[in-house]
Amino acid sequence: MLAIASLAILSACSKKQGKEVTLQVETKYGILEGIEEDGVKKFLGVPFAQAPVGDLRWKAPQPLQAWEGVRPAKAFGNDPMQLNIFGDMQFRGAGRSEDCLYLNIWTTATTTADALPVLIYFNGGGLMAGSGSEPRYDGSSIAKEGVIGVTANYREGVFGYFSHPDLTAASDYKGSGNYGFLDQVAAIQWVKENIEAFGGDPARITIVGESAGSFSVSLLMCSPLSKNLIAGAMLSSGAEVLPNEPASQADADAAGAEMLQKAGIASLADAMAIDADSLQKILPPRGMSRVVIDGYFMTESADAVFEKGEQAQVPLLAGWNSLEGTPMQMLRDQAPTLQNYKNAMKAQFGDATDEIFNAYGIVADEDVVSQKGFDLASDLFTGFPTWKVCDYHVKTTSQPVYRYHYMHPRPQVSAKMGDMTGGLAGGVRAKTEEEKKAQQPAIAPGAVHSADIEYAMGTLDTNEFYDWQEADYAISKLFLSYYANFCKTGNPNGEGLPQWTAITKDNLDSAPVMIIDVESAEAASPEKENAYCTLEKFYRSRK
C-alpha cells in the first residue's frame with residue numbers, strides 16, 4: 001500500500017511539474033531541434049502544412065506529413081513569393097519560394113506545466129509582401145515577458161488570393177481565392193495542437209497583425225474555421241469591415257478568368273505550368289487582396305458577422321497611428337488649402353464633403369496640415385475600419401475592448417545611413433534631390449503607418465536604421481508590457497502602467513482611448529466619436 005501511495009504522489013508531482021522543455025521538442029508530427037540565445041529557446045522554420053507546390057498550388061493548405069528522426073529548426077524557412085514592392089523590407093528567410101508555409105516559435109518555458117500564453121503575429125504588406133522572418137516581428141522580447149511569441153508565413157499576392165472558375169469547381173468546398181487566409185487558419189490550428197509541448201497554453205492564444213495582418217485578424221475573428229480557436233485579438237491599423245466590401249465567389253472567379261485572358265494565358269492548366277517567379281511577374285499582385293465569400297473561410301461579410309455578434313467572443317485591443325495618411329497624398333502637388341482639400345475629396349464624398357470636413361473640424365486653411373487633416377486622411381486608410389470593429393465588438397459582446405492611438409514619430413535616420421531616409425516598411429530608402437538639399441532632416445509630424453511595430457514588439461534594436469533614443473525605449477517598454485499583459489489576462493493593465501479603461505456600452509459615446517506617446521495617458525474624445533459616426537453614415541448611404 002505504501003508503495004502504491006508513493007507512486008501516486010510521484011505521479012501527481014510529475015504531472016504538476018510537467019515535462020521539461022529542452023531544445024528538442026516532440027510535436028505531433030515529429031521532433032524539432034531548436035537553438036537558445038539569451039535565455040530564449042527558438043524553433044525556426046517549423047512547417048505547419050504541406051508545401052503548396054506543384055498540384056497543391058491554389059489549393060487550401062494540406063495537413064502536414066509526419067517526419068522521422070530529428071528535424072533541425074535553427075534557421076528561418078523560405079519567405080513567401082513576392083515582388084520587391086516595399087524596397088525597405090528586411091528578411092531573414094532562406095529565400096523566396098512557394099514552399100513557404102513555416103512558422104517560428106520563441107519560448108522561455110522550462111516545462112510544459114508553465115502553460116504560458118501565446119501570441120501569433122501575422123505580418124503586414126498589403127497581402128502582397130512581408131514575412132514572419134522580418135526582424136521587427138521577432139518574438140524574443142515578448143518571450144522574455146512570459147508570452148510565447150509565434151510568427152507565421154502565409155501565401156501572398158497571386159499565390160494567396162487568385163480565384164478562377166476551374167479552381168472553384170475543383171475544390172471540395174466549391175470556392176477559391178482565400179488561400180492566404182486559410183494558411184493563417186492552418187497556422188493557428190498547428191499552434192493549438194502543438195504549443196503545449198513548447199510550454200504554451202493552447203487555451204490562451206491571442207492573434208495580432210499590423211496593416212494587412214490586422215485586416216486578416218478581423219477576418220479570423222469572424223471565420224467559422226478560426227473564431228473558436230482564439231482567446232484574444234489585437235488589431236494594429238486596419239480591419240476588413242465598412243467601407244471595405246468582400247467579393248462574391250462569382251465576381252472573384254470572373255476577375256481571375258479575365259486576368260488570365262489579358263495576360264495571354266489560355267487556361268488554368270497553362271497558368272499552373274508557369275514557374276513561380278515568372279507567374280508573379282505576369283500576374284502582378286495588386287487587385288487580388290479582397291476577401292472572397294467562398295462559403296468556407298467566409299460565409300458572409302465580416303460586417304454581417306459583427307452585426308449579429310457571431311464573431312469570436314474574446315477581449316479585443318485595437319488601435320492605429322496618428323499619421324497613417326496625410327492630406328498631401330490626396331492633394332498631390334496642390335497647395336494645402338481648405339478649398340483644394342475639399343475639391344480633392346469631392347470625388348469620394350460628393351455632397352457629404354462639407355458635413356464630413358465639419359465633423360473633423362477642418363474649417364480653415366491651417367486645419368488641413370494640422371492633426372485634424374491628418375486624422376481624416378488616416379481614418380480613410382485604416383482608422384475608421386479599426387474604430388468600427390471596436391464599435392461593433394462593444395455593442396455585440398460582453399468582452400472588454402481597449403482602444404489606443406499611437407502618436408510617437410520615429411527618430412532621425414541614423415547618421416551612418418548617409419543619404420537615406422525612412423521608408424514605408426521600417427527600413428530606409430534613398431533621399432530625393434529635394435530631401436538632400438534640405439538643411440534639416442525631416443521627421444514626420446506623427447507616427448506613420450507601421451511605425452508602431454518595433455515599439456509594440458520590443459524590437460527597436462533589430463532596426464539599425466534609426467537613431468533610437470531613451471524615450472523610444474521607454475515607449476517600447478510600455479507598449480510591450482500592454483501587449484504581454486493583454487495576452488496573459490485579456491487586460492493590458494499592470495503595475496506601474498498608465499491606467500487603461502475598457503470601452504463598454506456605458507461609456508461608448510465618449511469611448512476612452514489610450515494615447516501612447518512620451519507621456520502616455522488615457523483620454524476621451526467625443527468629437528472624434530462624432531466624426532466616426534458621420535463617416536459611417538456616409539458609407540452606409542452608398543451601400
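Ring to ring, Tyr102 and Phe76 are not that close: their centroids are 6.0 angstrom or more apart. Proximity of the aromatic rings of Trp320 and Tyr406 is defined here by a centroid distance below 6.0 angstrom, and this criterion is not met. In this structure, Tyr161 has its ring center at least 6.0 angstrom away from the ring center of Tyr179.
Dense packing is recorded around CG of Asn358, with more than 12 heavy atoms of other residues, nucleotides or ligands lying under 6.0 Å away. Surrounding CD of Glu196 are at most 12 heavy atoms belonging to other residues, nucleotides or ligands under 6.0 Å away. Environment of OH in Tyr296: sparse, with no more than 12 heavy atoms of neighbouring residues, nucleotides or ligands closer than 6.0 Å. Atom NZ of Lys477 has 12 or fewer neighbouring heavy atoms from other residues, nucleotides or ligands inside a 6.0 Å radius.
Using a 30° and 60° split on the angle between ring planes, Tyr466 and Trp468 fall in the tilted class, from 30° to 60°. Relative ring orientation between Tyr404 and Trp500 is described as perpendicular, the plane-to-plane angle rising above 60° on a 0-90° scale split at 30° and 60°.
Thr110 and Asp114 are linked by a side-chain donor-acceptor pair at a separation below 3.5 angstrom, with hydrogens and angles left out of the test. A donor and an acceptor atom, one from each side chain of Asp138 and Ser140, are located under 3.5 Å apart. Side-chain contact of Thr396 with Gln311: a donor-acceptor pair under 3.5 Å is present, judged by distance alone. Donor-acceptor pairing under 3.5 Å is lacking for the side chains of His449 and Thr382. One side chain, Asp472 or His408, offers a donor N or O that lies under 3.5 Å from an acceptor on the other. With 3.5 Å as the limit, one finds a donor-acceptor pair spanning the side chains of Thr501 and Glu522. In the model, Asn340 has a side-chain atom that pairs as donor or acceptor with a side-chain atom of Thr337 under 3.5 Å. Asn123 and Glu156 are linked by a side-chain donor-acceptor pair at a separation below 3.5 angstrom, with hydrogens and angles left out of the test. Using a 3.5 Å distance cut-off with no hydrogens or angles, the side chains of Tyr341 and Asp365 do not pair a donor with an acceptor. Tyr473 and Asp461 form a side-chain donor-acceptor contact under 3.5 Å, judged by distance and modelled atom types alone. Checking Gln412 against Asp467 by side-chain atom types alone, no donor-acceptor pair falls below 3.5 Å.
Using a 4.5 Å heavy-atom threshold, the side chains of Asp509 and Glu529 count as separate. No side-chain heavy atom of Glu366 sits under 4.5 Å from any side-chain heavy atom of Leu338. The shortest distance between side-chain heavy atoms of Lys395 and Leu508 falls below 4.5 Å.
Here the CD1-OG distance, from Ile207 to Ser214, works out to 10.0 Å after rounding to the nearest 0.5 Å. Taking CG from Asp391 and NE2 from His393, the interatomic distance works out to 12.0 Å, rounded to the nearest 0.5 Å. Taken to the nearest 0.5 Å, the CD atom of Gln313 stands 6.5 Å off from the OG atom of Ser398. Once rounded to the nearest 0.5 Å, the distance linking CD of Gln90 with OG1 of Thr462 reads 9.5 Å. The distance from the CZ atom of Phe374 to the OG1 atom of Thr326 is 7.0 Å, given to the nearest 0.5 Å. Note that CG of Asn228 and OG of Ser223 are 9.5 Å apart. Values are rounded to the nearest 0.5 Å.
When atom types are taken as modelled, the side chain of Asn507 and the backbone of Thr504 share a donor-acceptor pair closer than 3.5 angstrom. Of the possible polar contacts, none joining the Thr397 side chain to the Val394 backbone as a donor-acceptor pair under 3.5 Å is found. Counting only distance, with no hydrogens or angles, the side chain of Arg403 and the backbone of Val513 share no donor-acceptor pair below 3.5 Å. Formation of a donor-acceptor pair under 3.5 Å by the Glu134 side chain with backbone atoms of Ser131 is found in this model. Side-chain atoms of Asn321 do not come within 3.5 Å of backbone N or O of Leu323 as any donor-acceptor pair. Formation of a donor-acceptor pair under 3.5 Å by the Thr151 side chain with backbone atoms of Gly132 is found in this model. Without hydrogens or angle criteria, Asn485 side chain to Asn491 main chain gives no donor-acceptor distance under 3.5 Å. Looking at Ser133, its side chain does come within 3.5 Å of a backbone N or O of Arg92 through a donor-acceptor pair. Listed for the Asp303 side chain is a donor-acceptor partner under 3.5 Å among the backbone atoms of Leu242. Put simply, the side chain of Gln334 never gets that close to the backbone of Arg332: no donor and acceptor are under 3.5 Å apart.
A salt bridge links Lys42 to Glu37: one of the charged nitrogens lies within less than 4.0 Å of a carboxylate oxygen. Under 4.0 Å is where a charged nitrogen must lie from a carboxylate oxygen, and between Lys372 and Asp375 no such pair does. Of the charged side-chain nitrogens involved, none lies within less than 4.0 Å of a carboxylate oxygen, so that Glu240 and Arg290 do not count as a salt-bridged pair. Salt bridge absent: Glu307 and Lys388 never bring a charged side-chain N and a carboxylate O closer than 4.0 Å. With respect to the salt-bridge test (charged N to carboxylate O, under 4.0 angstrom), the residues Glu355 and Lys537 qualify.
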| request: I would like to know whether Val118 and Val150 meet side-chain contact (heavy atoms from CB on, under 4.5 Å); could you show each step before the answer? | output: CA-CA 7 Å; Val118 184; Val150 178; 3.9 Å; yes

| query | Could you go step by step and tell me if Asn493 and Tyr402 meet the side chain to side chain donor-acceptor pair (under 3.5 Å) rule? | reply | CA-CA 10 Å; Asn493 289 292; Tyr402 298 90; 4.6 Å; no

| said: Walk me through whether Phe181 and Phe297 qualify under ring pair (Phe, Tyr, Trp, His ring centres under 6.0 Å). | reply: CA-CA 8 Å; Phe181 299 130; Phe297 175 68; 5.3 Å; yes

| request: Just do the side-chain contact (heavy atoms from CB on, under 4.5 Å) check on Leu480 and Ile142 with the steps written out, would you? | output: CA-CA 7 Å; Leu480 179 66; Ile142 198 127; 3.9 Å; yes

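Contact detail for Pro498 and Met514: the closest heavy-atom pair is O-CE, 3.7 Å. The nearest pair of heavy atoms linking Lys192 to Pro202 is NZ-O, 2.9 Å. Pairing each heavy atom of Ile453 with each of Thr459, the nearest pair is O-OG1, 4.3 Å. Annotation for Ala524 and Ser510: closest pair CB-O, 3.5 Å, computed over non-hydrogen atoms. Nearest heavy atom pair, residue Ala502 against residue Pro400, reads CB-CB, 4.0 Å. Shown here for Leu229 and Leu225, the closest heavy-atom pair between the two residues is CD1-O, 3.5 Å.
By the salt bridge (Lys or Arg N to Asp or Glu O under 4.0 Å) test, Lys144 is found to be paired with Asp38, residues two or more places apart in sequence or in another chain being considered. Residues satisfying the side chain to side chain contact (heavy atoms under 4.5 Å, CB included) test with Ser322, not counting sequence neighbours, are Gln371, His405, Met407, Ala447.
Contacts classified as ring pair (Phe, Tyr, Trp, His ring centres under 6.0 Å) and involving residues 132-153 (residues at least two apart or in different chains) are given here: Tyr121-Tyr137.
Figure legend: cation-pi geometry between Lys488 and Phe486 absent, as NZ or CZ is not positioned both under 6.0 Å from the six-membered ring centre and within 45° of its axis.
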